[in-house]
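Per chain, numbering begins at 1; letters A, B, ... match sequence-line order.
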Amino acid sequence: MKIATFNINNINKRLGNLLEWLAASQPDVVCLQELKSADGQFPAKALEAAGYGAVWRGERTYNGVAILARGAEPVLIRRALPGDPNDQQSRYIEAAVNGVVVGCLYLPNGNPQPGPKFAYKLAWFERLISHAAGLLALDVPVVLAGDYNVVPTDQDIYASRSWSKNALLQPQARQAYRRLLDQGWTDALRTLHPDAPIYTFWDYMRERWPRDAGLRLDHLLVSPTLKGRLVKAGVDRDVRGAENASDHAPAWIELTEPGAGRRSVSGRRAPS
DNA sequence: ATGTCCTGTACAACAGGA
């Protein structure tokens with residue numbers, strides 16, 4: 001089971017890029033962010049023709065999240081992050097697919113900081129931490145995937161000082177991400193590739209893609225029940241180099257099927 | 001401070017977000 005997250009940066013503007021990547025990468029589940037599309041403009045028909053069922057929460061111009069499932073309809077659980085009924089921004093959707101609960105999130109960017117936008121980012125993070133604790137308590141397989149708008153450590157950005165004041169790197173944001181992991185979540189890409197530089201975002205400005213001046217902002221966190229099923233993880237970097245590309249590239253993980261490799265047909269432990 | 005890309009407003013550039 002392959003699960004991906006991709007900040008598409010306007011799903012209608014980049015529908016061709018998305019369909020091309022879906023055909024090439026064949027993910028079973030996709031979390032999309034920054035649809036920048038109202039609910040009624042979501043390209044459900046084109047995605048269905050490509051073999052994907054979808055649930056989404058759009059918003060005109062900004063934000064917007066969706067979960068796609070190959071050959072299936074995601075079972076919607078919620079279309080908002082609990083904790084603030086007055087929060088109107090479309091940044092969270094959750095659905096079950098093939099026995100896995102998938103939370104798709106677009107955490108606020110938070111710039112400029114300090115200021116109200118950074119305060120909103122930190123408050124949103126607190127709500128996510130609370131909700132994530134509740135998900136862990138269910139003791140079911142969960143993936144929390146999306147654009148966290150956090151560079152977790154200095155390992156997750158090219159050598160640069162130009163981002164030091166940016167909300168993506170601030171200690172409060174990094175600490176919140178660390179607190180989330182400390183609940184028991186596994187950062188799949190970093191865990192499978194402990195020493196490699198991994199980037200998922202390259203700013204449009206200043207030749208950042210040709211220079212490979214990237215940041216790791218898009219993360220897939222898996223619950224303890226899924227950690228043992230994690231076999232592979234990566235970033236489809238070439239997507240960023242295409243014509244009309246989003247400024248993010250898709251990140252993905254592969255999970256073994258439930259129970260696979262743990263027990264043989266006879267019921268005894270299978271050799272590993 | 002700058003750079004890039006894109007949308008919405010509203011009809012030409014500019015504000016805003018990322």
Taking [M] as the reference, what is the distance to [N] when you measure between their [atom1] atoms (whole Å, please)?
N      : M      : atom1 : answer
B:dT9  : B:dG3  : C1'   : 25 Å
B:dG8  : B:dA12 : C1'   : 14 Å
B:dA10 : B:dG16 : P     : 14 Å

Distance in angstrom units between [X] [atom1] and [N] [atom2], rounded:
X        : N      : atom1 : atom2 : value
A:Asp203 : B:dC6  : CG    : P     : 13 Å
A:Asn63  : B:dG16 : CG    : C1'   : 13 Å
A:Asn149 : B:dA18 : CG    : P     : 8 Å
A:Arg240 : B:dT4  : CZ    : P     : 13 Å
A:Arg91  : B:dA18 : CZ    : P     : 6 Å
A:Tyr62  : B:dC6  : OH    : C1'   : 10 Å
A:Lys121 : B:dA18 : NZ    : C1'   : 11 Å
A:Met205 : B:dG16 : CE    : P     : 16 Å

With the threshold set at under 4.0 Å for non-hydrogen atoms, list the residues of [range] touching DNA chain B in residue-number order.
range                       : result
residues 103-115 of chain A : A:Tyr106, A:Asn109
residues 7-15 of chain A    : A:Asn10, A:Lys13, A:Arg14
residues 33-45 of chain A   : A:Glu34

Of all the choices, [options], which nucleotide is nearest to the side chain of [X] once you look at every atom?
X        : options              : value
A:Arg60  : B:dG8, B:dG17, B:dC5 : B:dG8
A:Lys117 : B:dG3, B:dC5, B:dG17 : B:dG17
A:Arg208 : B:dG17, B:dT9, B:dG3 : B:dG3

Any ion pair linking A:Arg179 and A:Glu126 (charged N to carboxylate O, less than 4.0 Å)? yes
Is any NZ, NE, NH1 or NH2 atom of the basic residue among A:Asp187 and A:Arg216 found under 4.0 Å from an Asp or Glu carboxylate oxygen of the other? yes
Would a 4.5 Å heavy-atom cut-off, applied to side chains only, mark A:Arg237 and A:Asp212 as touching? yes
Residue closer to the 5' end of DNA chain B, A:Gln89 versus A:Tyr204 (nearest nucleotide):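 Looking at DNA chain B, the more 5' nearest nucleotide goes with A:Tyr204.
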Could you walk me through whether A:Glu34 and A:His248 pass the side-chain hydrogen bond (donor to acceptor under 3.5 Å, both in side chains) test, one step at a time? CA-CA 11 Å; A:Glu34 286 208 85; A:His248 294 249; 4.8 Å; no
Partner of A:Leu68 under side chain to side chain contact (heavy atoms under 4.5 Å, CB included), chosen from A:Asp28, A:Leu32, A:Val97: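 Single pass found, and it is A:Leu32.
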Considering residues at least two apart in sequence or located in another chain, which fulfil the salt bridge (charged side-chain N to carboxylate O under 4.0 Å, His left out) criterion with A:Asp247? none
Using the rule given for side-chain hydrogen bond (donor to acceptor under 3.5 Å, both in side chains), can you reason through A:Tyr158 versus A:Arg208, listing the C-alpha separation, both sets of side-chain angles and the distance that settles it, and then say yes or no? CA-CA 10 Å; A:Tyr158 65 101; A:Arg208 294 244 167 79; 3.0 Å; yes
Any side-chain donor paired with an acceptor under 3.5 Å for A:Asn166 and A:Asn111? yes
Throw together a table of side-chain donor-acceptor distances under 3.5 angstrom for residues 15-23 of chain A, partners on residues two or more places apart or in other chains.
{"unit_1": "A:Asn17", "atom_1": "OD1", "unit_2": "A:Asn244", "atom_2": "ND2", "d": "3.3"}
{"unit_1": "A:Asn17", "atom_1": "ND2", "unit_2": "A:Glu243", "atom_2": "O", "d": "2.9"}
{"unit_1": "A:Asn17", "atom_1": "ND2", "unit_2": "A:Asn244", "atom_2": "O", "d": "3.3"}
{"unit_1": "A:Trp21", "atom_1": "NE1", "unit_2": "A:Asp236", "atom_2": "OD2", "d": "2.7"}

Please report the closest heavy-atom contact between A:Val102 and A:Ile67, naming both atoms and the distance. O-CD1, 3.5 Å
Write down the atom of A:Lys121, the atom of A:Ala167, and the distance for their closest heavy-atom approach.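 For A:Lys121 and A:Ala167, the tightest heavy-atom pair comes out as NZ-O, 3.3 Å.
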Can I get a per-line list of side-chain donor-acceptor pairs under 3.5 Å for residues 36-52 of chain A, giving both atom names and the distance, sequence neighbours left out?
{"unit_1": "A:Lys36", "atom_1": "NZ", "unit_2": "A:Asn9", "atom_2": "OD1", "d": "2.9"}
{"unit_1": "A:Asp39", "atom_1": "OD1", "unit_2": "A:Gly58", "atom_2": "N", "d": "2.6"}
{"unit_1": "A:Tyr52", "atom_1": "OH", "unit_2": "A:Pro27", "atom_2": "O", "d": "2.6"}

N/O (side chain, A:Thr61) to phosphate O (OP1/OP2, B:dT7) under 4.0 Å: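 So the side chain of A:Thr61 is outside the cut-off, no N or O lying under 4.0 Å from OP1 or OP2 of B:dT7.
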